[in-house]
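Down below is the structure, laid out as structure tokens.
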Amino acid sequence: MQNPTLSPFGKPLLRAFYGRETTLVARELLGRVLIHASPEGMAAGRIVETEAYRQDDPASHSYRGQTPRNAPMFGAPGTAYVYFIYGTHWCFNVVTAQEGIGEAALIRALEPLEGIALMERRRNLADLRRLCRGPGSLCAAMGITGALNSADLTQPGTVWIAEGQPVSDPQVVSTQRVGITRAVHHPWRYYVANSRYISRK
DNA sequence: ATGATGATTAACT
DNA sequence: GTTAATCATCATG
């Protein structure tokens with residue numbers, strides 16, 4: 001792919017896309033395409049599951065204010081926030097809303113689109129459905145690590161999100177978020193109905 | 001300096 | 001359904 005901006009997945013989403021209310025951004029990220037161009041090759045996947053994390057939200061890393069770890073969450077909308085969890089996994093988020101407030105959307109699952117052989121090698125797994133199912137798994141498949149923390153996702157370069165195809169309202173399911181212990185009741189997880197690539201029902 | 005915790009996953013029973 | 005793996009981070013002392 002010579003010019004990433006002319007990829008079949010469309011142009012990068014602009015900062016104005018990310019600079020809106022976080023649950024709206026999380027929902028509208030469905031159908032968009034996460035792309036990582038690494039020295040090993042290009043990998044891309046359609047976003048099929050996300051979660052919103054807000055500043056006034058006890059489940060959010062930003063709830064107790066800014067620290068060195070969560071600092072990227074307080075940066076400009078469209079910034080990557082990549083953190084390490086359980087000693088083994090990376091999780092990939094996009095900063096949303098407004099600079100300075102600390103909100104983000106977690107990408108929880110992708111439908112693999114491009115670079116599938118590369119993803120299979122990175123995961124040592126040939127099962128397409130499981131390749132990018134779950135936040136830790138998709139980072140492993142896409143080659144996303146802390147090296148991409150704070151990356152600007154609005155520029156086609158190393159990592160970005162292309163506009164892809166938006167998902168219509170009837171195709172969006174919202175549920176409680178996964179794996180958290182606080183503020184469990186908020187319906188801030190979004191996924192594409194009927195997708196075979198989501199992390200769980 | 002120390003200890004609890006965690007936006008997970010795969011491999012069990 | 002349960003559990004081990006595995007470690008950076010942060011609050012506490």
Side-chain angles (χ1 to χ4, degrees), chain A residues 18 21-30 32 34 45 47-75 77-97 101-112 119-151 153 159 161 172-192 195-201:
Chain A
Y18 299 105
E21 196 281 319
T22 300
T23 60
L24 176 68
V25 176
R27 179 250 170 275
E28 295 208 359
L29 278 168
L30 298 177
R32 314 309 187 149
L34 177 61
I47 297 171
V48 296
E49 180 180 345
T50 63
E51 284 177 356
Y53 286 88
R54 302 197 339 173
Q55 189 272 327
D56 58 349
D57 166 11
S60 173
H61 290 176
S62 60
Y63 184 62
R64 289 165 210 278
Q66 189 171 338
T67 67
R69 179 209 202 191
N70 65 23
M73 287 185 81
F74 292 82
T79 300
Y81 169 47
V82 185
Y83 65 88
F84 192 57
I85 189 76
Y86 293 112
T88 39
H89 308 291
W90 295 100
C91 292
F92 177 84
N93 301 253
V94 284
V95 176
T96 55
I101 72 170
E103 304 201 352
L106 171 70
I107 309 302
R108 282 196 58 88
L110 303 175
E111 173 181 341
M119 293 186 191
E120 289 176 342
R121 211 178 317 140
R122 283 170 170 155
R123 292 265 288 132
N124 189 30
L125 176 75
D127 183 342
L128 193 66
R129 296 190 200 191
R130 289 170 49 195
L131 217 43
C132 300
R133 183 166 80 183
S137 297
L138 76 88
C139 283
M142 294 288 290
I144 291 171
T145 69
L148 296 178
N149 196 21
S150 296
L153 300 170
V159 61
I161 299 176
V172 176
V173 179
S174 103
T175 71
Q176 293 185 162
R177 293 171 292 179
V178 175
I180 54 170
T181 57
R182 291 178 290 183
V184 172
H185 61 282
H186 290 121
W188 291 344
R189 169 177 179 242
Y190 303 90
Y191 66 85
V192 178
S195 173
R196 286 149 63 226
Y197 301 94
I198 62 171
S199 65
R200 56 165 74 180
K201 296 278 179 178

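Not measured: the values here are computed from a predicted model. First the proteins, then the strands, lettered A, B, ... as listed; each starts at 1.
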Check whether [X] reaches the backbone of [Y] with its side chain - one donor and one acceptor, N or O, closer than 3.5 Å.
X        : Y        : answer
A:Arg108 : A:Glu49  : no
A:Arg122 : A:Ala141 : yes
A:Asn149 : A:Gly146 : no
A:Glu103 : A:Gln55  : yes

Exercise. Shoot me the first and last contacting nucleotide of DNA chain B against chain A, ordered 5' to 3', at under 4.0 angstrom to non-hydrogen atoms.
Key: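 Counting from the 5' end, contacts occupy B:dG6 to B:dA10.
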
Quiz item: Does A:Arg130 or A:Ile180 map to a spot on DNA chain B nearer the 5' end, using the closest nucleotide for each?
Solution: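 Checking each residue's closest nucleotide, the 5'-ward one belongs to A:Ile180.
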
Rounding to an integer number of Å, can you tell me how far [X] [atom1] sits from [N] [atom2]?
X        : N      : atom1 : atom2 : answer
A:Tyr81  : C:dA8  : OH    : C1'   : 11 Å
A:Asn149 : C:dA8  : CG    : C1'   : 13 Å
A:Phe84  : C:dC10 : CZ    : P     : 14 Å
A:His89  : C:dA8  : NE2   : C1'   : 14 Å

Do the non-hydrogen side-chain atoms of [X] and [Y] ever get within less than 4.5 Å of each other?
X        : Y       : value
A:Leu106 : A:Thr50 : no
A:Arg69  : A:Tyr83 : yes
A:Thr145 : A:Val82 : no

Practice problem: Toss me the dot-bracket line for DNA chain C: Watson-Crick and G-U wobble, both under 3.5 Å, 5' to 3', using | for pairs to another strand and [ ] for crossers. | Solution: |||||.||||||.

Quiz item: Reckon A:Arg69 touches a base, only the sugar-phosphate, or nothing at all at heavy-atom distances under 4.0 Å?
Solution: sugar-phosphate

Quiz item: Looking across every strand, which nucleic acid part, if any, lies under 4.0 Å from A:Arg189 by heavy atom: base, sugar-phosphate, or nothing?
Solution: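 No contact.
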
Exercise. Indicate yes or no: does A:Arg54 engage A:Glu21 in a salt bridge with an N to O separation below 4.0 Å.
Key: yes

